[in-house]
2 protein chains.
Amino acid sequence: MTDARPNPSQEKSGSDPSGDETEIHGSRSSAVDDLVNHIRALISEGGLKVGDSLPTEKELCERFHAGRNTVREAMRILKTYGVVKVRPKVGAVIIDERMARALDLFAFNTLEVSRDTFVDIQGFRSLLEVASFELLFDRIKPRDIADLHRINKELLTAELAIDASEVDFRFHTRLIEVIGNKAILDVYKIMKPVILKIMIKAKTLHTFSTVTYSEHAEILDTLEARDRTAYQYKMKTHLDAGFKHFEDRK
Amino acid sequence: MTDARPNPSQEKSGSDPSGDETEIHGSRSSAVDDLVNHIRALISEGGLKVGDSLPTEKELCERFHAGRNTVREAMRILKTYGVVKVRPKVGAVIIDERMARALDLFAFNTLEVSRDTFVDIQGFRSLLEVASFELLFDRIKPRDIADLHRINKELLTAELAIDASEVDFRFHTRLIEVIGNKAILDVYKIMKPVILKIMIKAKTLHTFSTVTYSEHAEILDTLEARDRTAYQYKMKTHLDAGFKHFEDRK
DNA sequence: CCATTCCTATTTGTTGGACAATTGATGAAT
DNA sequence: ATTCATCAATTGTCCAACAAATAGGAATGG
């Protein structure tokens with residue numbers, strides 16, 4: 001509104017100066033980022049669920065005093081996040097494919113995962129799988145251990161290293177599952193592509209069916225025996241072993 | 001190529017009909033998606049590494065016969081993926097922030113958090129701040145402790161509960177920073193909105209400047225004294241205390 | 001009355017152009 | 001030589017136009 005535009009050019013919307021949006025990243029507020037926050041607020045405050053539609057581009061332009069390209073860039077972000085799906089004429093409908101999109105990120109082969117990322121991820125794993133031993137021993141049930149044994153056996157029948165790495169990851173995921181914390185599990189799943197790369201880089205098919213298999217078995221033994229100290233040692237060694245190939249190469 | 005443009009208006013690039021791009025998602029090829037693939041190819045075939053620069057928008061327009069807005073939407077996707085960082089005048093530089101971006105995806109549903117999520121997040125915090133004590137004691141420096149003291153003192157001068165909660169969060173974030181793991185720090189930052197809600201719900205301004213302040217101070221004492229057992233106890237108690245209001249209300 | 005086909009209006013997709021904002025680089029003044 | 005102002009290049013935002021896709025209604029035929 002207030003269409004009185006002194007300069008017929010384009011009055012920088014300026015968006016409300018009261019724009020104290022949460023500023024998720026460090027980056028200073030841009031019109032597009034503001035718009036993303038506004039639309040997010042629109043979704044959450046409007047109680048919109050998966051399947052519901054968003055206003056059209058034009059309506060968003062008017063409501064937030066933004067140009068259509070700005071709206072489109074904001075929608076492009078939401079599309080990339082897997083939060084909305086846009087089709088011509090029908091508009092933008094809310095979806096939830098964030099997890100799939102998160103995994104896509106690393107299938108994005110353009111970039112080799114940087115060494116720093118490897119180090120950080122492996123450190124994170126160490127924290128989640130070694131330092132969480134208290135929670136683990138509190139909650140683990142015989143059924144969990146049986147599952148883990150079953151998964152571990154699949155390592156012996158895998159025919160490709162990539163399949164074996166999937167099994168390896170499933171083993172560790174199943175272990176994380178025992179903790180019973182969805183946030184932790186989600187974060188672990190997000191790291192999957194990087195973890196798989198670490199595994200593939202460090203192991204051959206033969207390694208999976210021998211070293212990895214027996215290390216897993218030993219870890220399960222420590223769990224069955226309720227030996228916390230041994231568990232921490234075995235798990236830490238197991239993770240570090242898979243990682244040393246990256247430490248070497250300066 | 002084939003610059004013979006019959007209609008001077010805007011000949012839809014049409015992109016080469018031989019466009020067997022990889023089609024990352026199911027969606028049919030659009031000009032923007034094609035462009036993303038082209039830029040990806042540019043990066044991988046050009047052997048571009050983190051820190052290298054991409055061509056300017058105008059050059060990309062000319063090279064791929066696309067409009068600038070199309071180029072911008074493609075770059076917006078790459079930015080959202082955390083593959084490039086764009087600054088005015090300097091252009092697009094290749095980065096690798098994919099992990100942070102992948103974790104960002106989950107900041108989207110933190111607006112409407114269920115009780116289960118609260119519990120999970122708090123459990124996650126406990127793991128990150130209590131169970132990580134080994135890493136913490138390995139790496140903490142006097143300078144870190146001094147910073148933490150300084151931040152903690154700000155609790156005494158905060159004039160609103162919301163300000164105090166920001167300081168409180170900053171205290172804990174600074175602690176996580178000591179671990180020196182970017183992935184962990186990113187996860188912690190993502191949980192910020194939820195953690196702030198927990199804090200606000202559990203404490204008043206007065207509580208911040210008394211109980212919280214002194215608990216923080218005691219935690220710092222255990223760090224200075226290198227007393228791991230005491231640290232774990234104090235920190236666990238501190239976190240649990242702030243959270244028990246949520247446990248009660250069924 | 002119902003089904004099919006066609007048309008139209010609406011909405012998204014793409015392009016080009018204009019101006020503002022930012023910032024690195026250059027040159028002038030002290 | 002240093003500092004400051006200016007310049008120029010680049011990104012950020014907006015606008016207007018047209019193309020493409022399509023939902024929904026109108027027209028047509030049975």
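Just so it is clear, the structure is predicted and the values come from calculations on it, not from any experiment. Order of the sequence lines sets the chain letters (A, B, ...), proteins ahead of strands, with each chain counted from 1.
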Contacts under 3.5 Å, N or O only, protein and nucleotides 10-12 of chain C:
unit_1 : atom_1 : unit_2  : atom_2 : d
C:dT10 : O2     : A:Lys89 : NZ     : 3.3
C:dT12 : OP1    : A:Glu57 : N      : 3.4
C:dT12 : OP2    : A:Glu57 : N      : 3.2

- Task: Would you please classify the geometry between the B:His216 ring and the B:His172 ring as parallel, tilted or perpendicular, with 30° and 60° separating the classes?
- Result: perpendicular
- Query: In whole angstrom, what separates B:His65's NE2 from C:dG13's P?
  - Reply: 23 Å
- Integer-rounded Å distance: C:dT15 C1' and B:Asp34 CG: 16 Å
- Between C:dG13 (P) and B:Leu35 (CG): distance, integer Å: 15 Å
- Item | Non-neighbouring partners of B:Tyr213 that pass ring pair (Phe, Tyr, Trp, His ring centres under 6.0 Å), sequence neighbours left out | none
- Query: In whole angstroms, how far is the C1' atom of C:dT14 from the CZ atom of B:Phe64?
  - Reply: 17 Å
- Query: A:Asn69 CG to D:dA17 P: how many Å, rounded?
  - Reply: 15 Å
- Judged by atom type as modelled, is there a donor-acceptor pair below 3.5 Å linking the side chain of B:Asp163 to the main-chain atoms of B:Ala158? no
- Check whether any side-chain N or O of A:Thr70 sits under 4.0 Å from OP1 or OP2 of D:dT13, and answer yes or no. no
- Message: A:Arg72: which residues meet the salt bridge (charged side-chain N to carboxylate O under 4.0 Å, His left out) condition with it, sequence neighbours left out?
- Response: A:Glu57, B:Glu73
- Note: A:Lys182-A:Glu177 ion pair, threshold 4.0 Å (strictly below): no
- Between P of D:dC15 and CD of A:Glu73, the distance in whole Å: 14 Å
- Item | Interatomic distance, B:Arg76 CZ vs C:dT14 P [rounded to whole Å] | 16 Å
- Query: Would you say B:Ile43 and B:Ile94 make side-chain contact, with heavy atoms under 4.5 Å?
  - Reply: yes
